[in-house]
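In what follows, a single structure is set out as structure tokens and then discussed.
Residue numbers begin at 1 in each chain, while the letters A, B, ... track the order of the sequences. Computed over heavy atoms, backbone and side chain alike; hydrogens, waters and symmetry mates excluded.
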Amino acid sequence: MIPALTVMKKELWGYFNSAVAYIFFTLFLVTLSFLFFRVYFLVGIVSMNEFFNLIPWIFLIFIPSVTMKSWAEEKKSGTMEVLFTMPVKDRDLVLGKFLAGFLFVSIAILLTLIIPALVSITGTLDMGPVVTSYLGVFLLTAAYISIGNLVSSFTTNQVTAFLFTVVVMFVLMIIGTEPVYSIFPSFLADIVRNFSLSYHFQSIQRGVVDSRDIIYYVSIVFLFLFYNVRSIESRNW
Amino acid sequence: MNTIIEFKNVTKNYGNILAVEDVSFALNKGEILGFLGPNGAGKTTAMKLITGYMPANKGSVLVNGKDIRENPLDARKSIGYLPENNPLYTDMTVKEYLDFIAQMRQIKDRNKAVESAMEKCGIKTVSHRIIGHLSKGYKQRAGLAQAILHDPEILILDEPVNGLDPKQITEIRNLIKELGKEKSVILCSHILSEVEAVADRVLIINKGKIVADDTIDNLKERGKGNNIFVVEFLEEEKDAKEIVSKLENIGKVEQPTNLTLKITASGEKETGHLLFKTAVENNWKVTQIYLESNSLENMFLTLTEIEGGEK
């Protein structure tokens with residue numbers, strides 16, 4: 001097995017070895033269902049829009065709780081020294097941890113498929129935007145995980161990693177909202193908005209898969225993974 | 001003898017702090033090298049440089065003749081490393097942990113390697129127990145099993161008996177001796193007796209510099225005349241100091257209290273015997289005669305400039 005997959009397997013094992021994974025899945029599903037259906041039955045329109053509007057904000061709390069441990073715990077316990085003296089490249093370690101976090105949250109996302117299934121019972125649901133929005137959710141997850149893992153590599157304290165990840169994600173989200181980007185001069189506002197995670201997510205949510213949005217998310221993932229490799233290599237400096 | 005590790009004029013600093021300065025030494029095949037020094041002397045940094053955990057700022061580290069910077073993965077394959085404080089994944093069982101390490105090292109017959117390492121380290125009986133629930137001795141054995149799992153030519157053990165009780169120390173010491181029969185070992189410690197018990201050669205580092213590199217016998221020889229004996233009396237013996245001063249191989253004789261003599265002498269066993277004999281011949285009421293520190297300890301203390309208060 002290639003080293004990145006070995007690391008991924010071990011990390012996933014770590015999530016599922018305790019009750020944390022099951023608590024995470026339950027809380028995630030219950031919170032999301034409650035917030036969505038509370039509004040859904042009031043409005044009475046067969047649409048998943050509100051659900052996909054909620055997800056990026058709910059992720060702000062849930063994803064940092066997954067990524068905070070990734071490097072901070074290794075650094076704190078000293079196991080990083082064992083990992084870094086294995087005949088394995090740093091990039092394999094980074095990739096393994098990223099894949100584990102991504103797969104873990106992906107399972108939680110797949111569990112939410114029960115929600116559109118329930119909604120479609122109540123009326124005819126346009127599946128086009130639902131499918132593209134789910135694609136957007138997976139892309140957003142990948143971006144969030146890469147950001148969270150990078151932040152975790154800067155510290156030995158999981159709480160610090162959690163809080164800083166929330167802050168970074170929050171900033172990358174709100175710069176795509178009008179009250180924030182409109183503060184900037186018009187030529188800058190467009191650039192700022194394009195850097196935002198929420199702007200590209202909203203674009204996909206409309207049901208159109210634009211290659212620019214996919215390139216944006218893939219670039220964000222690669223950029224943060226690259227800096228994650230550089231960050232753990234910093235022991236060499 | 002074939003050199004397996006070569007440290008050539010290596011310097012490593014952390015910002016403004018110089019951890020290792022222009023250090024050169026070699027580890028020969030089949031040798032157990034004791035790496036000795038007080039806390040903060042630069043031992044762990046040297047180990048981290050050898051294992052490729054981090055690179056040197058200056059100089060080169062060669063493992064099997066190849067520069068570790070150019071071939072880090074090759075070097076890591078031939079090295080088994082037990083880091084200081086023995087970091088472990090405490091939520092895993094011993095077997096799960098070793099299996100993970102075997103996968104990371106891409107060992108072909110994982111089961112066989114894991115079984116063999118557990119057998120050698122005597123942890124088969126606890127293989128299905130969670131590491132976090134094990135005693136410190138067993139944890140240390142699990143760490144050692146991790147280090148020898150891929151049957152490396154070189155073993156680097158950083159403070160392997162730190163925090164263990166005397167029984168566990170003896171067990172781990174015997175295990176290291178056993179492993180040393182077929183591997184080249186660097187044993188890093190700040191405890192002299194540890195290194196003395198297992199090493200063929202000793203390297204003393206202080207403030208980032210090598211201050212001695214010799215066999216234990218040679219170091220003892222260099223420190224000859226530095227054995228400190230203490231004789232304690234039941235009641236004051238007025239002529240004792242004068243008589244002892246005239247004995248063979250005796251250096252300085254001090255009388256810290258009326259009932260104590262502190263004698264600096266060469267020849268550890270000979271002097272001990274002579275002091276007993278003299279006490280009997282003179283009918284002194286002696287309560288005890290003991291070796292306060294031997295020549296090697298004094299040599300170590302002199303070389304590492306430890307102040308009296310830290311002895």
field: Region of Glu73(A) in contact with chain B, defined by heavy-atom distances below 4.5 Å
entry: neither
query: Can you tell me how far CG of Asn85(B) sits from OG of Ser77(A), rounded to the nearest 0.5 angstrom?
result: 11.0 Å
- prompt: For Phe138(A), does the CZ atom have more than 12 heavy-atom neighbours from other residues, nucleotides or ligands under 6.0 Å away?
  reply: yes
query: Can Lys10(A) be said to sit on top of Tyr89(B)'s aromatic six-ring, NZ or CZ under 6.0 Å from centre and within 45° of the ring axis?
result: yes
Proximity of residues 148-162 of chain B to chain A, residues having a non-hydrogen atom under 4.5 angstrom: none
message: Does any part of the side chain of Pro87(A), heavy atoms only, come nearer than 4.5 Å to the side chain of Arg105(B), both counted from C-beta?
response: yes
message: Measuring from atom CG of Asp99(B) to atom OG1 of Thr6(A), what distance do you get when rounded to the nearest 0.5 angstrom?
response: 9.5 Å
message: Can you tell me if Phe62(A) has over 12 outside heavy atoms packed within less than 6.0 Å of its CZ?
response: yes
- prompt: Hey, what do you get for OH (Tyr81(B)) to OG1 (Thr85(A)), rounding to the nearest 0.5 Å?
  reply: 7.0 Å
- prompt: Which pair of heavy atoms, one from Asp91(B) and one from Trp13(A), lies closest together, and at what distance?
  reply: O-CH2, 3.4 Å
- prompt: For chain A, which residues of residues 39-50 of chain B have at least one non-hydrogen atom nearer than 4.5 Å to it?
  reply: Lys48(B)
- prompt: How about Arg173(B): does its CZ atom have over 12 heavy atoms from other parts shown lying under 6.0 Å from it?
  reply: yes
field: Exceeds 12 heavy-atom contacts within 6.0 angstrom, atom CZ of Phe222(A)
entry: no
query: Is the count of non-hydrogen atoms from other residues, nucleotides or ligands lying under 6.0 Å from Ile114(A) atom CD1 greater than 12?
result: no
- prompt: Among Arg76(B), Met104(B), Gln103(B), whose side chain to side chain contact (heavy atoms under 4.5 Å, CB included) with Met86(A) holds?
  reply: Met104(B)
task: Counting only heavy atoms closer than 4.5 Å, note whether Ile79(B) contacts chain A via side chain, backbone, both or neither.
output: neither
statement: Filtered by a 4.5 Å non-hydrogen cutoff, the part of residues 155-175 of chain A contacting chain B is none
query: Among Asn17(A), Val7(A), Val82(A), which has the most heavy-atom pairs under 4.5 Å with chain B?
result: Val82(A)
statement: Listed by number, the residues in residues 117-136 of chain B that come under 4.5 Å of chain A (heavy atom to heavy atom) are none
